[in-house]
Amino acid sequence: MYSSENFHKSDLRRLQNFRIIDDEFLRVVFENNIEGTELLLNIIFDRNDMKVSKVTCQREIKGLEGHSVRLDISAEDSENNIYDIEVQRQDEGNLPLRARYYSSMLDTTLLKKSEKYEKLVPTFVIFITETDVIGDGLPLHDYVMTDIYTDKVLGDNRHIIFINGDYNNKETRLGKLMHDFKCTSADDMYFDTLAKRVRHFKETEGGIQQMSKIMEEIAVLTLIDGYRDINMAEAEIKQRIMKKYNLSEEEADSYMLEQIA
């Protein structure tokens, strides 16, 4: 296994413990990974024919007057349906309300000025949660807007889906997928498409170098966040990260702006 001299042993151990359900690792496994995203969506929707046309990770949607969001995985299929796939490991507040906000933010990107509402395509906000947040043991829940009196579906083509990360029935593709999302070793995974990506970032020189850079970025942003929590002045934060991580002023400015978003 490759070991870079500028990659500390503690970082290597942390890298080897990464799982796909960890958001910092999720983004590298799925970034521009058409094949992997097709596998993910086909399993979630119990199909074999879904085709993905593009996929990006950490796509930011800026709120013009409010809170911005950063999507874990943003994908579009061959029928122009839009998917936002999020992993949720810890309780960060009311998950249904967070899903509602993400769904509404997706809609703000789908119509150009003066376009008719009929051009709105179906959207799917999918949360893969580490635990069974609904609490009934079912593998997934697909929510749509319905009439509380008649159960009639409104038909606005908006879906919010929660996937139970605790679902471990290995007789099903979804159970195997959730197993793979929690594996630390590619050798233990069922799906070769995902295992190849995991193996690349954990066992090859190029992959480990990529992860080294990403992990440094995460460390810098986490430090900035911590300093801001104690109300440290922005100029002082900038000087500290420049010194600690040997950053240029331009690099430090980039980190400071990214953390604000």
Side-chain angles (χ1 to χ4, degrees), residues 14-45 52 55-61 67-76 82-103 105-106 123-135 138-143 159-168 172-186 188-191 193-195 197-198 200-202 210-211 214-215 217-218 221-222 225 261:
R14 184 174 172 228
L15 171 58
Q16 296 310 314
N17 286 327
F18 271 150
R19 306 166 301 164
I20 297 176
I21 203 168
D22 298 316
D23 55 5
E24 57 264 74
F25 198 50
L26 177 94
R27 72 175 186 173
V28 298
V29 170
F30 283 98
E31 182 67 55
N32 298 318
N33 185 355
I34 297 290
E35 183 182 10
T37 307
E38 285 180 347
L39 172 71
L40 182 61
L41 292 177
N42 273 300
I43 291 174
I44 291 172
F45 292 98
V52 172
V55 57
T56 59
C57 293
Q58 297 295 301
R59 172 193 171 200
E60 183 182 359
I61 303 177
H67 186 64
S68 299
V69 299
R70 195 180 297 274
L71 311 182
D72 285 345
I73 304 174
S74 178
E76 182 176 339
I82 302 296
Y83 304 87
D84 165 34
I85 305 163
E86 303 286 324
V87 293
Q88 183 75 30
R89 290 195 53 205
Q90 299 176 349
D91 183 10
E92 296 181 0
N94 194 309
L95 193 58
L97 292 182
R98 183 181 172 198
R100 165 188 162 182
Y101 192 78
Y102 274 53
S103 180
M105 290 295 284
L106 276 183
T123 62
F124 300 82
V125 174
I126 303 167
F127 277 86
I128 301 174
T129 61
E130 186 165 26
T131 60
D132 181 8
V133 297
I134 304 300
L138 293 176
L140 61 80
H141 293 270
D142 185 349
Y143 294 96
H159 293 251
I160 292 175
I161 298 173
F162 296 138
I163 297 177
N164 175 9
D166 270 343
Y167 182 70
N168 59 7
T172 68
R173 292 196 300 168
L174 186 58
K176 291 178 179 178
L177 181 69
M178 292 301 95
H179 168 271
D180 283 6
F181 261 59
K182 292 185 174 183
C183 280
T184 58
S185 171
D188 297 330
M189 299 175 72
Y190 287 101
F191 296 103
T193 299
L194 300 180
R197 294 283 285 188
V198 170
H200 169 72
F201 290 110
K202 289 191 176 190
Q210 286 177 263
M211 287 304 303
I214 290 168
M215 290 169 71
E217 290 173 354
I218 292 169
L221 295 176
T222 300
D225 191 49

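These numbers come from a predicted model, not from an experiment. Every heavy atom of this structure was used, including side-chain atoms; hydrogens, water molecules and symmetry mates were not.
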Query raised in the report: Is Leu71 close to Glu86 at the side-chain level, that is, under 4.5 Å between some pair of heavy atoms?
Result: yes

Query raised in the report: Between the side chain of Arg59 and the main-chain N/O of Ala75, is any donor-acceptor distance below 3.5 Å?
Result: no

Query raised in the report: Under the salt bridge (charged side-chain N to carboxylate O under 4.0 Å, His left out) rule, what pairs show up with a residue in residues 24-33, not counting sequence neighbours?
Result: Arg14-Glu24, Arg27-Glu217

Requested in this report: For residues Ala195 and Ala186, report the shortest heavy-atom separation together with the two atoms involved.
Outcome: O-CB, 3.5 Å

Report task. Measure the OH-CD1 distance between Tyr102 and Ile61 for me, rounded to the nearest 0.5 Å. Result -> 9.0 Å

Query raised in the report: Please walk me through it: do Asn94 and Tyr101 pass side-chain contact (heavy atoms from CB on, under 4.5 Å)?
Result: CA-CA 11 Å; Asn94 194 309; Tyr101 192 78; over 6 Å; no

Query - Minimum heavy-atom distance Asn164-Met178, with the two atoms named - result: O-CG, 3.8 Å

Report summary line: Separation between CD (Gln88) and CD1 (Ile163), nearest 0.5 Å, reads 13.0 Å

Report task. Kindly indicate whether the side chain of Leu177, heavy atoms from C-beta on, has any atom under 4.5 Å from the side chain of Phe191. Result -> yes

**Report entry** Tyr83 side, atom OH; Leu41 side, atom CG - distance, nearest 0.5 Å
**Finding:** 6.0 Å

Requested in this report: List in chain and number order the residues that pass side-chain hydrogen bond (donor to acceptor under 3.5 Å, both in side chains) with Asp142, two or more places apart in sequence or in another chain; answer none if no residue qualifies.
Outcome: His159

Query raised in the report: Of all residues at least two apart in sequence or in a different chain, which pass the salt bridge (Lys or Arg N to Asp or Glu O under 4.0 Å) check with Asp72?
Result: none

Query - Whether over 12 other heavy atoms sit under 6.0 Å from Arg19 CZ - result: yes

Query - Donor-acceptor contact below 3.5 Å, side chain Asp180 vs main chain Tyr190 - result: yes

Query - From Thr123 atom OG1 to Ile82 atom CD1, the distance as rounded to the nearest 0.5 Å - result: 8.5 Å

Report task. Please name the pair of heavy atoms, one in Asp22 and one in Asn17, separated by the smallest distance, quoted to 0.1 Å. Result -> OD2-O, 4.1 Å

Query raised in the report: Quick one: side-chain hydrogen bond (donor to acceptor under 3.5 Å, both in side chains) partners of Thr129, sequence neighbours excluded?
Result: none

Query raised in the report: Which pair of non-hydrogen atoms, one from Ala99 and one from Ile160, has the smallest distance, and what is that distance?
Result: CB-CG2, 3.6 Å

Requested in this report: To the nearest 0.5 Å, tell me how far Phe30 CZ sits from Gln58 CD.
Outcome: 13.5 Å

Report task. Please work out which of the three classes, parallel, tilted or perpendicular, describes the rings of Phe18 and Phe25, given edges at 30° and 60°. Result -> parallel

Could you list the donor-acceptor pairs under 3.5 angstrom formed by side chains in residues 32-40, with sequence neighbours left out?
{"from": "Asn33", "atom 1": "OD1", "to": "Gly36", "atom 2": "N", "distance (Å)": "2.8"}
{"from": "Asn33", "atom 1": "ND2", "to": "Val29", "atom 2": "O", "distance (Å)": "2.9"}
{"from": "Glu35", "atom 1": "OE2", "to": "Thr193", "atom 2": "OG1", "distance (Å)": "3.4"}
{"from": "Thr37", "atom 1": "OG1", "to": "Asn33", "atom 2": "O", "distance (Å)": "2.8"}
{"from": "Glu38", "atom 1": "OE2", "to": "Val52", "atom 2": "N", "distance (Å)": "2.9"}

Query raised in the report: Would you say the side chain of Cys57 lies within less than 4.5 Å of the side chain of Ile73, judging by non-hydrogen atoms?
Result: yes

Query - Over all atoms of both residues, closest heavy-atom pair of Leu15 and Met211 - result: CD1-CG, 3.8 Å

Query raised in the report: Nearest 0.5 Å, what's the CG-CD1 distance between Leu194 and Ile20?
Result: 4.5 Å

Query - Under 3.5 Å: donor-acceptor pair, side chain of Gln16, backbone of Lys202 - result: yes

Query raised in the report: For Asp166, which residues count as a salt bridge (Lys or Arg N to Asp or Glu O under 4.0 Å) partner, sequence neighbours excluded?
Result: Lys182

